[in-house]
Number of protein chains: 2
Amino acid sequence: MNISEAAKLSGLSAKTIRYYESIELLSQPRRAGNGYRSYHHGDIKTLCFLRQARQFGFNIAQCRLLLGLYKNPQRRSGEVHQLVSDKLEEVDAHIRELGETRDLLASLVGACSNNDEPDCAIIDSLADPREQVESQCLTENDR
Amino acid sequence: MNISEAAKLSGLSAKTIRYYESIELLSQPRRAGNGYRSYHHGDIKTLCFLRQARQFGFNIAQCRLLLGLYKNPQRRSGEVHQLVSDKLEEVDAHIRELGETRDLLASLVGACSNNDEPDCAIIDSLADPREQVESQCLTENDR
DNA sequence: CTAAGCCTTACAGCAAGAGGAAGGTCAAGA
DNA sequence: TCTTGACCTTCCTCTTGCTGTAAGGCTTAG
């Protein structure tokens with residue numbers, strides 16, 4: 001099948017498939033007589049694997065590792081497990097961080113008088129140099 | 001004061017300050033006789049404003065809007081409120097999405113036998129083309 | 001014969017800076 | 001006075017993960 005069919009089945013775009021090939025994340029596919037790329041069932045599974053790994057937040061380097069394990073019949077499942085649980089922790093940390101950001105945003109939203117007057121607690125708070133000092137001291141002390 | 005002092009006080013890097021100037025997010029600062037950029041108290045507040053806005057997840061275009069409101073004594077606080085509550089919603093949506101990703105990752109981690117054998121439920125699941133069909137149908141139906 | 005709809009390669013550009021080269025300036029110490 | 005180190009300047013390239021576009025070739029239907 002041609003690249004657009006492979007794209008449809010895998011959920012990646014044709015552009016993305018060619019890009020993965022260009023950075024050697026994917027190996028060169030077979031070519032039909034006219035030079036068109038030709039994909040088969042196993043290729044589609046690989047493409048799906050990459051799409052899902054990317055959706056889970058693995059970057060290209062990590063996808064390379066995962067793909068190596070996928071292709072390796074002698075892999076140890078413990079290695080896969082490690083990569084995935086590391087990612088889980090990373091996502092958890094990101095969620096916590098975003099949660100703090102959300103809470104701060106919510107407190108800004110609550111403090112603003114939200115009318116036609118120029119006075120605005122949000123503006124005041126954003127421009128306040130002190131908003132940074134504490135957290136900077138904290139991170140410095142952390143080290 | 002010179003740029004590195006302004007950087008320290010604002011929490012931005014000197015690189016970033018120059019970059020903001022190059023994209024005209026910041027106006028040209030005064031220059032000392034030797035050509036060095038020279039910053040004063042009001043500049044520091046502006047820099048802090050930008051640092052905080054970026055930390056809250058506003059992109060450069062949004063920072064431009066916010067900065068316009070900051071500099072405008074005739075602003076209506078309602079406009080600021082709108083921008084910030086939109087961002088709050090955006091962050092909320094992002095958190096929900098990441099939450100789903102985390103749950104899926106956690107289920108993968110739980111399903112893996114995590115040992116020296118090659119059999120791995122994670123690998124199988126990632127390569128499974130069906131994992132995509134439902135969500136794709138959903139998004140298509142949504143339109 | 002032509003038009004649409006595929007396919008190919010190759011180059012440019014996006015955000016939001018970080019890193020580094022090459023050179024000018026300034027203040028302190030030998 | 002000379003040097004050394006820490007600043008500062010501009011300019012250029014690199015990053016990540018693609019997406020857009022140009023210019024051209026193949027295929028199939030009317």
Side-chain angles (χ1 to χ4, degrees), chain A residues 1-40 43 46-67 87 90-91 94 97 101, chain B residues 1-40 43-44 46-67 87 90-91 94 97-98 101:
Chain A
M1 86 190 69
N2 287 344
I3 196 169
S4 66
E5 179 76 7
K8 201 175 301 174
L9 290 178
S10 67
L12 294 172
S13 74
K15 272 282 188 203
T16 299
I17 295 173
R18 289 195 199 96
Y19 170 67
Y20 287 171
E21 190 188 318
S22 80
I23 60 171
E24 295 180 281
L25 178 58
L26 292 171
S27 51
Q28 299 283 334
R30 284 176 242 177
R31 297 279 181 152
N34 54 14
Y36 289 11
R37 289 169 179 81
S38 174
Y39 297 93
H40 304 272
D43 302 324
T46 301
L47 294 174
C48 284
F49 185 96
L50 286 175
R51 176 186 48 77
Q52 290 212 83
R54 290 287 297 126
Q55 280 176 352
F56 278 123
F58 291 98
N59 65 23
I60 299 289
Q62 293 163 336
C63 284
R64 235 178 260 276
L65 292 178
L66 283 169
L67 205 50
K87 181 57 65 180
E90 205 179 292
V91 169
H94 193 178
E97 203 177 309
T101 297
Chain B
M1 84 192 71
N2 287 346
I3 196 168
S4 67
E5 180 74 6
K8 201 176 301 173
L9 291 178
S10 67
L12 293 172
S13 73
K15 275 278 186 202
T16 298
I17 296 173
R18 289 195 200 96
Y19 170 67
Y20 287 172
E21 191 188 319
S22 79
I23 59 172
E24 296 181 277
L25 178 58
L26 292 170
S27 51
Q28 300 283 335
R30 285 176 243 179
R31 298 280 181 151
N34 53 14
Y36 290 11
R37 289 170 179 80
S38 175
Y39 297 92
H40 304 272
D43 302 324
I44 302 304
T46 301
L47 295 174
C48 284
F49 186 95
L50 285 176
R51 177 186 48 77
Q52 289 212 83
R54 291 285 300 125
Q55 279 176 354
F56 279 123
F58 291 98
N59 64 25
I60 299 289
Q62 293 163 339
C63 285
R64 235 178 261 274
L65 292 178
L66 284 170
L67 206 50
K87 180 58 65 180
E90 206 179 292
V91 169
H94 194 177
E97 203 178 310
L98 274 180
T101 296

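Worth knowing before you read on, the calculation uses all heavy atoms, side chains too, and leaves out hydrogens, waters and symmetry mates. The chains referred to below are lettered A, B, ... by the order of the sequence lines, with proteins before strands, and numbering in each begins at 1.
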Distance (rounded to the nearest 0.5 Å) between [X] [atom1] and [Y] [atom2]:
X: B:Ile44; Y: B:Met1; atom1: CD1; atom2: CE; result: 4.0 Å
X: A:Glu97; Y: B:Leu98; atom1: CD; atom2: CG; result: 10.5 Å
X: A:Glu90; Y: A:Phe56; atom1: CD; atom2: CZ; result: 14.0 Å
X: B:Leu50; Y: B:Leu67; atom1: CG; atom2: CG; result: 5.0 Å
X: A:Cys48; Y: A:Leu12; atom1: SG; atom2: CG; result: 7.5 Å

Set of side chain to side chain contact (heavy atoms under 4.5 Å, CB included) partners for A:Asn34, sequence neighbours left out: A:Ala32, A:Tyr36

Residues that B:Asn59 engages under side chain to side chain contact (heavy atoms under 4.5 Å, CB included), provided they are two or more places apart: B:Ala61, B:Gln62

Spacing between [X] atom [atom1] and [N] atom [atom2], to the nearest angstrom:
X: B:Ile23; N: C:dA18; atom1: CD1; atom2: P; value: 12 Å
X: B:Leu12; N: C:dG17; atom1: CG; atom2: C1'; value: 11 Å
X: A:Glu24; N: D:dT16; atom1: CD; atom2: P; value: 15 Å
X: A:Arg64; N: D:dT16; atom1: CZ; atom2: P; value: 10 Å
X: A:Gln62; N: D:dT16; atom1: CD; atom2: C1'; value: 13 Å
X: A:Asn59; N: D:dT15; atom1: CG; atom2: P; value: 14 Å
X: B:Arg54; N: C:dG17; atom1: CZ; atom2: C1'; value: 9 Å

If the cut-off is 4.0 Å, is [X] near the phosphate of [N], judged by side-chain N/O to OP1 or OP2?
X: B:Tyr19; N: C:dA15; value: no
X: A:Ser13; N: D:dC18; value: no
X: A:Thr16; N: D:dG17; value: no

B/S/- contact track for nucleotides 6-11 of chain C, protein heavy atom under 4.0 Å: BSBBB-

Terminal helix-axis angle for the helix from C:dC1-D:dG30 to C:dA30-D:dT1, with five pairs defining each axis and rounding to 10 degrees: 30°

Could you pull out every donor-acceptor pair under 3.5 Å between side chains of residues 16-29 of chain A and any protein atom, sequence neighbours left out?
| unit_1 | atom_1 | unit_2 | atom_2 | d |
| --- | --- | --- | --- | --- |
| A:Thr16 | OG1 | A:Ser13 | OG | 2.8 |
| A:Glu21 | OE1 | A:Arg37 | NE | 2.7 |
| A:Ser22 | OG | A:Tyr19 | O | 2.7 |

Residues forming a salt bridge (charged side-chain N to carboxylate O under 4.0 Å, His left out) with B:Arg30, sequence neighbours excluded: none

Earlier contact from the 5' end, DNA chain D, for A:Tyr20 and A:Gly33: A:Tyr20

